[in-house]
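Step one of this worksheet: look at the structure below.
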Amino acid sequence: MGKMEIKKIKLLVCATAMHRSFFKTYSGLMDRINRESAFAKKHGYVRAWHGPVRRLPEFRYFNYNADGNVIGTDKKEFSGLISNLTNISVNSTVQTMEARIAFGTVSSICHYIRKWKLKTYVWNGVHDSIDACVYKPEAELFIALAKECAAWKREPFYDVPMSLDCQLADLSKGLEHNYYKAGVELEGIPLQDAIDNWNKAHENVPGFEKIYWEGCPI
C-alpha cells in the first residue's frame, strides 16, 4: 500500500520464504507448536516428555474466542505478554527434554570419572553444553568417554542419533585459539581404544586396576 520501503519489502519477502521453507522442511513442527500452545492456554501449563511441568497460569485469565485466540481488551493490552507466554509454552518442553538427555550424559560421565578415579571433573552445563576441567594425561580418555556417553540411546530416541562436538582449550599456551568456548576441535578416538591405551600406559603402576566400559547407567 505504499507504506513500506522497497528494501524492507524485499527483506520481508525473503524472511517469509525462509519461514515457510523451515516449517516445510521440518514437517509436523507447526502442528506440535499449535498443539502445545493450545494445551497451555486451556490448562495453564505444559508438560515435558519426561514429566517436568512448566506452569503458565496467566493463560487461564484471558478471554478467548471459539478458535482459541485471545480477544478484546486482553489482546490489545497484553499482546506482548501473550506472545512471550506462547513462545515459552512451545519451547519449554523441548528444552526440558534436551536438558534431560544432556544431564543423563553428564551423570554417566561423572559415574565413570568416579569409578575410574580420574582427576578430570565436569564443572558446568547449559542446555546441551557441557564444560569440564580436563587433566592433560586424561584428555584422550575423557573425550572418548564424553562422546560415547553423549551418543548413548536415551528415550525418546526415534532413531535420531546423538553426538558431541569437543573443543579443548589449553590455557597454558596463551589466548590464541586457546580460550574458553573457543578451543581446538578434536575428533577423538573410539572409547575402547582409549581404554586400551590407558590400561596399557598404567599397567606397571603399583596398585593400578584396569578400567572397563559397561555402558551408561542413565
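We number each residue from 1, following the sequence as shown.
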What's the spacing between [X] [atom1] and [Y] [atom2] if we round to 0.5 Å?
X      : Y      : atom1 : atom2 : value
Lys153 : Tyr158 : NZ    : OH    : 15.0 Å
Asp165 : Asp128 : CG    : CG    : 10.0 Å
Met18  : Cys14  : CE    : SG    : 8.0 Å
Trp123 : Asp131 : CH2   : CG    : 5.0 Å
Phe22  : Met30  : CZ    : CE    : 9.0 Å
Tyr121 : Cys133 : OH    : SG    : 3.5 Å

[atom1] of [X]: more than 12 outside heavy atoms within 6.0 angstrom?
X      : atom1 : result
Phe208 : CZ    : yes
Phe157 : CZ    : yes
Arg55  : CZ    : no
Glu203 : CD    : yes

Below 4.5 Å, heavy atoms only, C-beta onward: do [X] and [Y] meet side chain to side chain?
X      : Y      : value
Trp116 : Glu138 : no
Cys166 : Lys147 : yes
Ile109 : Phe142 : yes
Trp198 : Lys210 : no
Ile113 : Lys119 : no
Thr93  : Glu36  : yes
Arg54  : Ile88  : yes
Ile218 : Trp152 : no

>> Once side chain to side chain donor-acceptor pair (under 3.5 Å) is applied, what residue pairs with a partner in residues 64-91 remain, sequence neighbours excluded?
In response: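 For residues 64-91, and leaving out neighbouring residues, the side chain to side chain donor-acceptor pair (under 3.5 Å) pairs sorted by first residue read Asn63-Asp74.
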Would a distance-only check, ignoring hydrogens and angles, find a side-chain to backbone donor-acceptor pair under 3.5 Å from [X] to [Y]?
X      : Y      : answer
Thr120 : Tyr135 : yes
His111 : Ser107 : no
Ser108 : Gly104 : yes

> Can you check side-chain contact (heavy atoms from CB on, under 4.5 Å) on His43 and Phe59, steps first, answer last?
Replying inline: CA-CA 8 Å; His43 300 283; Phe59 270 136; over 6 Å; no
> Between Trp213 and Leu145, does a side-chain contact (heavy atoms from CB on, under 4.5 Å) hold up when you go through it step by step?
Replying inline: CA-CA 9 Å; Trp213 166 252; Leu145 170 65; 3.9 Å; yes
Give a yes or no on whether [X] and [Y] share a hydrophobic cluster (residues Ile, Leu, Val, Met, Phe, Trp, Tyr; joining criterion: side-chain heavy atoms under 4.5 Å apart).
X      : Y      : answer
Tyr26  : Val90  : yes
Val70  : Phe78  : yes
Val13  : Leu11  : no
Leu56  : Tyr61  : no
Ile101 : Val106 : no

Can you name the nearest heavy-atom pair linking [X] to [Y], along with the distance?
X      : Y      : answer
Val46  : Ser92  : CG2-CB, 4.4 Å
Met97  : Pro156 : SD-CG, 3.4 Å
Leu141 : Leu118 : CD2-CD2, 4.1 Å
Val134 : Ala139 : CG1-CA, 3.6 Å
Asn199 : Ile211 : OD1-N, 3.0 Å
Asn34  : Ser37  : O-OG, 3.1 Å

>> Holding to salt bridge (charged side-chain N to carboxylate O under 4.0 Å, His left out), I want the full list of residues that pass it with Arg60, two or more places apart in sequence or in another chain.
In response: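 Listed in chain order: nothing, the list is empty.
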> Is there a ring pair (Phe, Tyr, Trp, His ring centres under 6.0 Å) between Phe39 and Tyr45 once you walk through the steps?
Replying inline: CA-CA 8 Å; Phe39 183 93; Tyr45 71 91; 5.3 Å; yes
>> Go through it in stages, so that I can follow the logic: the residues are Asp193 and Glu140, the test is side-chain contact (heavy atoms from CB on, under 4.5 Å), and I'd like the CA-CA distance, side-chain angles, deciding distance and then a yes or no.
In response: CA-CA 10 Å; Asp193 291 345; Glu140 179 183 84; over 6 Å; no
> Would Asp170 and Lys136 pass as an ion pair if we require N to O under 4.0 Å?
Replying inline: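 Looking at Asp170 and Lys136, the cut-off is met.
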>> Thr105 and side-chain hydrogen bond (donor to acceptor under 3.5 Å, both in side chains): which single residue from Glu148, Arg100, Arg154 fits?
In response: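 When side-chain hydrogen bond (donor to acceptor under 3.5 Å, both in side chains) is applied between Thr105 and each of Glu148, Arg100, Arg154, only Arg154 qualifies.
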